[in-house]
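One structure below.
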Protein chains: 2
Amino acid sequence: MFATSVASPALPEALWPVPASTLRWDSQEHLFHEGDPVSAIFTIESGAVVIYRTARDGCRQIHGIRFQGELVGIGYNVTYGVSAVAVRPTSARAVSRATLDRLLDNDPTLARQMMRALTSELRRTSNLLMVIGSRTAIGRVAACLIDFSNRAADSDDTFVLPLSRGEMGDLLGLTIETVSRAMTRLKVLGIIALRRTDTVTIRKRATLLALAEEDGDGAARGRLCACSEARCTRYPPNEMTTTENRRPPVH
Amino acid sequence: MFATSVASPALPEALWPVPASTLRWDSQEHLFHEGDPVSAIFTIESGAVVIYRTARDGCRQIHGIRFQGELVGIGYNVTYGVSAVAVRPTSARAVSRATLDRLLDNDPTLARQMMRALTSELRRTSNLLMVIGSRTAIGRVAACLIDFSNRAADSDDTFVLPLSRGEMGDLLGLTIETVSRAMTRLKVLGIIALRRTDTVTIRKRATLLALAEEDGDGAARGRLCACSEARCTRYPPNEMTTTENRRPPVH
DNA sequence: CGTATCATTGAGTTTTGTCAATGACGGTGG
DNA sequence: CCACCGTCATTGACAAAACTCAATGATACG
């Protein structure tokens with residue numbers, strides 16, 4: 001995630017003049033399910049869409065949430081690789097797969113945009129993997145909050161959570177209860193404030209950031225940590241750094 | 001992973017006649033590091049390469065391992081998004097980024113191949129996320145073994161592990177000890193046999209598969225499991241199914 | 001044959017999941 | 001308008017899973 005939070009680049013301008021219909025969904029309606037034949041790719045105009053997959057045992061793994069301007073359904077395949085469900089009333093422009101394919105033949109620029117978008121999608125998934133693979137509950141929740149905060153259009157440090165506790169759990173590989181406990185812990189520690197259960201104010205961003213990505217306290221879950229060859233500090237913070245790609249406060 | 005294990009499609013033939021130099025690395029040598037400017041993309045000719053990222057706290061998350069015929073370094077970006085290190089002596093054909101970019105302008109087919117390869121990469125990461133996000137240690141190790149077994153060129157049910165316990169841990173979000181204990185448990189249960197610590201024979205594939213993806217016993221970690229909208233059983237097994245894309249036994 | 005590395009195993013601690021009860025909130029219908 | 005109800009969130013007590021630390025075994029290499 002988190003970390004990166006690079007918004008999927010919007011479709012290139014080249015695509016806009018082409019036939020693209022605007023569709024609407026109510027909250028909880030699906031744009032498509034995993035396995036459906038790919039009919040179109042979507043650019044969200046308003047609302048929010050959750051991307052997820054369901055395991056055979058019924059467990060749901062949320063891969064992320066997409067907001068206005070972001071792309072949904074861009075895997076280049078015959079069938080969708082994930083499911084997409086609106087989590088609030090949503091509208092999106094749909095570019096049909098047929099149209100896309102036609103344009104792709106004559107427009108190398110579009111192909112590059114698609115490749116970039118796919119790369120961005122890949123990075124997001126990778127970021128989530130980093131968070132889930134090696135951080136404790138509080139670190140995961142911290143990373144999640146940082147991410148939402150960075151992507152929210154709200155005023156600087158207060159934002160409305162787009163996901164319920166349960167959805168956050170499905171995103172972070174935790175149970176509802178564990179998410180809830182992590183939130184209260186952050187609240188008790190004065191790191192965040194909760195006006196309502198879904199309205200977060202970050203009070204100590206540096207601390208939250210440290211929990212999200214640094215070692216120590218509640219953050220890193222002891223693991224192999226094979227640093228032998230690791231040059232992780234050798235590079236300047238790149239786009240994986242949570243502090244980057246942060247939207248400037250809206251005034 | 002796992003699950004899918006779809007080999008990244010090799011570069012399309014169109015690319016082969018173009019300038020591509022074969023390079024070699026010893027075990028533990030890096031093809032590139034995360035953050036390096038992208039110089040080339042690679043098709044492995046022989047050997048094995050581990051793809052990973054290192055978190056700020058030093059934890060390493062292995063994203064996967066790539067074998068002969070698979071692509072490495074295909075993110076379409078200015079810098080590599082992951083690190084790649086040979087885990088045995090490896091040779092690969094390198095197509096420079098400049099060459100690729102040149103070809104991309106005139107060959108929509110190549111662009112599609114790249115998009116497919118990126119989609120495949122994305123799916124692999126997603127599969128790993130599914131495994132790590134919701135399965136217990138034994139389920140993760142089972143999934144890992146199934147994956148290796150499916151991809152190994154060895155005779156049917158015996159194969160050599162390409163990763164050490166520690167590397168498996170870094171792949172699965174577990175410690176060395178937990179991986180080791182899971183392996184021992186599988187052995188004691190008669191599900192696998194270990195001729196040597198790195199030579200596995202699958203004795204009860206169905207059981208192993210169940211552990212890897214089904215509910216119950218050591219498999220599913222209790223989590224939200226929001227099945228409400230889930231149509232996970234509605235589709236026939238797709239490429240996410242571990243049993244598919246399995247290489248036929250080599251005779 | 002020693003040494004280094006990797007794997008295994010055990011004991012104890014920490015984290016997280018499970019189950020159950022309670023609380024908060026919003027919407028509906030009387 | 002208010003009581004009721006359903007959903008979501010919180011909290012507590014306990015159990016299970018995974019990590020930590022430490023010791024021992026196995027294996028390969030020089």
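Scope of the values below: all heavy atoms of this structure, side chains included, with no hydrogens, waters or symmetry mates. Residue numbers start from 1 in every chain, and the chains themselves are labelled A, B, ... in the order their sequence lines are given, proteins ahead of strands.
- Among the nucleotides C:dT8, D:dT11, D:dC19, the one closest to any side-chain atom of A:T184 is D:dT11.
- One atom, CE of B:M168, and another, P of C:dT8, lie 10 Å apart when rounded to the nearest Å.
- When rounded to the nearest whole Å, the span between CZ of A:R140 and P of D:dA18 equals 12 Å.
- Here D:dA26 presents its C1' atom at 12 Å from CG of B:D198, a figure rounded to the nearest Å.
- Residue B:R196 is classed as a sugar-phosphate contact, given heavy-atom separations below 4.0 Å to backbone atoms only.
- Judged by closest nucleotide on DNA chain C, B:S164 is the one of B:S164 and A:V179 placed further toward the 5' end.
- At a cut-off of 3.5 angstrom, counting only N and O atoms as typed in the model, there is no donor on one side facing an acceptor on the other between the side-chain of B:R165 and the base of D:dT27.
- Spacing between atom CZ of A:R185 and atom C1' of D:dG12 amounts to 16 Å, rounded to whole angstrom units.
- Look at CD1 on B:I176: it is 10 Å from C1' on C:dT5, rounded to the nearest Å.
- Rounded to an integer number of Å, the gap from CG of B:L194 to P of C:dA7 is 11 Å.
- In this entry the distance linking CD of A:Q28 with C1' of D:dC8 reads 13 Å, nearest Å.
- An OP1 or OP2 oxygen of C:dT18 is reached within less than 4.0 angstrom by no side-chain nitrogen or oxygen of A:T175.
- For B:E167 against B:P162, the heavy-atom pair with the smallest separation is OE1-O, 4.2 Å.
- Taking only distance into account, the side chain of B:R181 meets the base of D:dT20 through a donor-acceptor pair shorter than 3.5 Å.
- Separating the CG atom of B:L174 from the C1' atom of C:dA7 is a distance of 16 Å, rounded to the nearest angstrom.
- Side-chain atoms of B:E177 come within donor-acceptor range of the base of D:dC21, with a qualifying N/O pair under 3.5 Å.
- A:E29 and A:V85 get closest at one heavy-atom pair: O-CG2, 3.4 Å.
- Of the side-chain N and O atoms in A:T178, one or more sit less than 4.0 angstrom from OP1 or OP2 of C:dG17.
- Side-chain contact of B:R53 with A:S126: a donor-acceptor pair under 3.5 Å is present, judged by distance alone.
- Closest to the side chain of A:A137, from the set C:dT16, C:dT8, D:dT10, is C:dT16.
- B:R66 has a carboxylate O that lies under 4.0 Å from a charged side-chain N of B:E121, or vice versa, which qualifies the two as a salt bridge.
- In this structure, B:Y52 has its ring center closer than 6.0 angstrom to the ring center of B:H30.
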